[in-house]
Amino acid sequence: MCTGGCARCLGGTLIPLAVFGVLANILLFFPGGKVVDDNSHLSEEVWYFGGILGSGVLMIFPALVFLGLQKNDCCGCCGNEGCGKRFAMFTSILFAVIGFLGAGYSFIVSAVSINKGPRCFMTNNTWGYPFHNGDYLSDQALWSKCEEPHNVVPWNLTLFSILLVIGAIQMILCAIQAINGLLGTLCGDCQCCGCCGGDGPV
């Protein structure tokens, strides 16, 4: 597969992941599937917009760039060191770095929130964080410390876990594109010569 085709494949995978990341972050604003009366009762990490900003907005631009790489006109690449194809692949490395940082941000926010647990109405009639260092992950009996919102613990845990996995996958894909972009910059598109009148391999 040529470097442009590989980039297009990666871009096509990143788009739905970005959409899922945004949707997961939006759902976190409705703990237990309900609207909260006071926004201050939401977990702090929800307001960091890890899924919306990191896995979403900052991932859309790299994904669109990756999708457009294969459409660049490669005729003229043969023997032309100043080919725009190489420059486009070099540019994709910069966008891959941006995407990696965005996904990394979402990954870190999600990991911190999972370890910290959700903010909820506790048995002592106050709002706060009843869990410590992820102790609730191995002891489901502790979930009863959260009285409201209903099912907030599995809700937050599920959605932040989804964001964690999405962020990890996005980082891997952006790292792959950084390597792919480097190869495209140094070597050009491996199938590029096929469109130059048959002088190169098809």
Side-chain angles (χ1 to χ4, degrees), residues 1-26 28 45-115 159-196 199-202:
M1 177 183 292
C2 63
T3 54
C6 178
R8 182 176 178 82
C9 179
L10 294 173
T13 305
L14 287 172
I15 291 292
L17 289 175
V19 173
F20 288 138
V22 171
L23 291 177
N25 200 149
I26 292 176
L28 284 168
E45 290 74 24
V46 175
W47 295 101
Y48 294 165
F49 301 109
I52 295 175
L53 179 62
S55 290
V57 175
L58 290 179
M59 194 58 59
I60 291 296
F61 296 110
L64 293 177
V65 170
F66 301 164
L67 284 172
L69 286 176
Q70 195 177 30
K71 296 181 180 179
N72 288 342
D73 182 14
C74 65
C75 291
C77 280
C78 302
N80 185 356
E81 296 180 358
C83 180
K85 183 72 173 182
R86 293 176 186 267
F87 178 76
M89 294 304 294
F90 173 76
T91 303
S92 75
I93 299 176
L94 303 180
F95 279 95
V97 172
I98 293 174
F100 184 90
L101 293 177
Y105 172 73
S106 178
F107 181 89
I108 292 173
V109 170
S110 300
V112 170
S113 182
I114 291 173
N115 182 67
L159 292 174
F160 273 116
S161 295
I162 290 174
L163 288 175
L164 187 77
V165 172
I166 288 176
I169 295 174
Q170 288 176 329
M171 284 193 292
I172 293 173
L173 294 180
C174 285
I176 292 175
Q177 175 52 32
I179 298 173
N180 180 56
L182 180 61
L183 292 176
T185 301
L186 298 176
C187 307
D189 199 340
C190 62
Q191 293 180 350
C192 222
C193 293
C195 69
C196 299
D199 294 331
V202 178

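As a basis for the values below, the full set of heavy atoms in this structure was taken, side chains included, without hydrogen atoms, waters or symmetry mates.
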As an exercise, state the distance from [atom1] of [X] to [atom2] of [Y], rounded to the nearest 0.5 Å.
X	Y	atom1	atom2	result
L14	I60	CG	CD1	9.0 Å
L17	I162	CG	CD1	12.0 Å
Y105	M59	OH	CE	13.5 Å
I93	F100	CD1	CZ	14.5 Å
I108	L164	CD1	CG	10.5 Å
L23	L28	CG	CG	11.0 Å

Discussion item. Give me each pair satisfying salt bridge (Lys or Arg N to Asp or Glu O under 4.0 Å) with a member in residues 102-112, each pair once, sequence neighbours excluded.
Written reply: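 Qualifying pairs, neighbours excluded: none.
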Specify the closest pair of heavy atoms between [X] and [Y], including all atoms of both residues, with the distance to one decimal.
X	Y	result
E45	V112	OE2-CG1, 4.0 Å
S106	G51	OG-N, 4.0 Å
A24	L159	O-CD1, 3.9 Å
G50	N25	N-OD1, 3.3 Å

Which pairs would a plain distance check flag for residues 168-178, meaning a side-chain donor or acceptor within less than 3.5 Å of a matching protein atom at least two apart in sequence or in another chain?
from: Q170; atom 1: OE1; to: S55; atom 2: OG; distance (Å): 2.9
from: Q170; atom 1: NE2; to: S55; atom 2: O; distance (Å): 3.1
from: Q177; atom 1: OE1; to: N180; atom 2: ND2; distance (Å): 3.0
from: Q177; atom 1: NE2; to: S92; atom 2: OG; distance (Å): 2.9

Are any non-hydrogen side-chain atoms of [X] and [Y] less than 4.5 angstrom apart?
X	Y	result
I98	F61	no
F160	N115	no
I26	V22	yes

Worksheet item: Between S113 (side chain) and V109 (backbone), is there a donor-acceptor pair under 3.5 Å?
Response: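 Such a contact is absent between S113 side chain and V109 backbone.
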Worksheet item: According to the interplanar angle, ranging from 0 to 90°, do the rings of F90 and F87 count as parallel (below 30°), tilted (30 to 60°) or perpendicular (above 60°)?
Response: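 F90 vs F87 ring planes: tilted.
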